[in-house]
Amino acid sequence: MKQQELNKQLLDFAEELLEDNHQLSFSMRGNSMYPALKSGDVGIVEKCSITDIQIGDIIVFKQNGELVAHRLVKIIVNDGTHLLVAKGDKNMHPDKPFAIEALIGKVC
């Protein structure tokens, strides 16, 4: 099985677990959120909706077939559609805006 397909199946499985109100723990990779989250730290993620998140929360979302945990910096509402903008604490630039459907949950 190709790695990309395996990653997609794991992401789908994680989403199913979160939909059933389970919390999941994820081992962090990279240091874009240092010192809040470092590589190897374990973050507990819970499912949330747009009404449950605030600017400054660390959210988890799908990006290029992987899960990313970055801080929410902006919520853009355009004709009833929500776009979220997040940024790693150590990153110079924010991530590209993404649709609410890519939101997995928030780190609690």
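For the numbers below, each heavy atom of this structure counts, side chains included, while hydrogens, waters and symmetry mates do not.
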Supply the members, apart from V85, of the Ile/Leu/Val/Met/Phe/Trp/Tyr cluster built from side-chain contacts under 4.5 Å; use none for a lone residue. V73, I76, L83

I need the I75 CD1 to L84 CG distance, nearest 0.5 Å. 6.0 Å

From D95 CG over to L72 CG, what is the distance, rounded to the nearest 0.5 angstrom?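 D95 atom CG to L72 atom CG measures 10.5 Å (nearest 0.5 Å).
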
For S49, side chain to side chain contact (heavy atoms under 4.5 Å, CB included) partners two or more places apart: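 Testing S49 for side chain to side chain contact (heavy atoms under 4.5 Å, CB included), a comparison that skips the adjacent residues, returns T51, D52.
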
Under 3.5 Å, sequence neighbours excluded: what are the donor-acceptor pairs made by side chains of residues 27-43?
unit_1, atom_1, unit_2, atom_2, d
R29, NH2, E66, OE1, 2.9
N31, OD1, S39, N, 3.2
S32, OG, H70, NE2, 2.8
D41, OD2, K38, N, 2.8

What pairs meet the ring pair (Phe, Tyr, Trp, His ring centres under 6.0 Å) rule with one or both residues in residues 39-63, with sequence neighbours excluded?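 The answer is F61-F98.
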
Which pairs with one or both residues in residues 74-93 pass ring pair (Phe, Tyr, Trp, His ring centres under 6.0 Å), sequence neighbours excluded?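 Not a single pair qualifies under ring pair (Phe, Tyr, Trp, His ring centres under 6.0 Å).
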
Might you point out which heavy atoms bring I53 and D57 nearest each other, and give the distance in Å?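 For I53 versus D57, the nearest heavy atoms are CA-OD2, 3.4 Å.
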
Selection residues 67-84 - residue pairs positive for salt bridge (charged side-chain N to carboxylate O under 4.0 Å, His left out), sequence neighbours left out: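 Non-adjacent pairs meeting salt bridge (charged side-chain N to carboxylate O under 4.0 Å, His left out): R71-D89.
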
Do I58 and I44 land in one hydrophobic cluster if side-chain heavy atoms of ILVMFWY residues count as linked below 4.5 Å?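 Each belongs to a different hydrophobic cluster.
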
